[in-house]
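First up is the structure itself, then whatever we jot down about it.
Only this structure's heavy atoms are used, side chains among them; waters, hydrogens and symmetry mates stay out.
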Amino acid sequence: AIDWQALRQWTASQWHRPLSVADLAARAHLSPSQFAARCREEQGLAAMAWLRRMRLEQAQWLRASGLPVAEVARRTGYRSPSALTAALRRCEP
């Protein structure tokens, strides 16, 4: 079984670097294709969509705590404040 909470915590500690499905799979001790299938089954999202959601949730939390956009972008692995702002706009309902 994938420990999703532990995986969330690990990803949060890795925002400083690009993450791939292979990275997530290795952490879960699965092949990338197995991880992708399990992610879709158990989380209802493609693996990269799940990762993006984790990153955006962290960014939203940091913004709500009052950090400037540039600092939030740096802490969550976005290449620029404008990339973060665009991603946040895309996820608005």
Please tabulate, for side-chain N and O atoms in residues 47-63, each donor-acceptor pair with protein atoms closer than 3.5 Å (sequence neighbours left out).
unit_1: Arg55; atom_1: NH1; unit_2: Thr76; atom_2: O; d: 2.5
unit_1: Arg63; atom_1: NH1; unit_2: Leu67; atom_2: O; d: 2.5

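- Considering only heavy atoms from C-beta on, Phe35 comes within 4.5 Å of Ile2 through its side chain.
- Within a 6.0 Å sphere centred on CZ of Arg40, heavy atoms belonging to other residues, nucleotides or ligands number 12 at most.
- Between Arg75 and Trp15, the closest side-chain pair of non-hydrogen atoms is not below 4.5 Å.
- In the hydrophobic clustering of ILVMFWY residues, with side-chain heavy atoms under 4.5 Å counting as a link, Trp4 and Leu19 come out together.
- The stretch residues 13-39 participates, sequence neighbours left out, in these salt bridge (charged side-chain N to carboxylate O under 4.0 Å, His left out) pairs: Arg17-Asp23, Arg38-Glu42.
- Minimum heavy-atom separation, Leu84 to Ala73: CD2-N, 3.6 Å.
- Of all heavy-atom pairs spanning Pro81 and Ala70, the tightest one is CG-CA, 3.7 Å.
- For the residue pair Gln14/Thr11, the side-chain donor-acceptor check at 3.5 Å is not satisfied.
- In this structure, CG on Leu24 lies 6.0 Å from CH2 on Trp10, to the nearest 0.5 angstrom.
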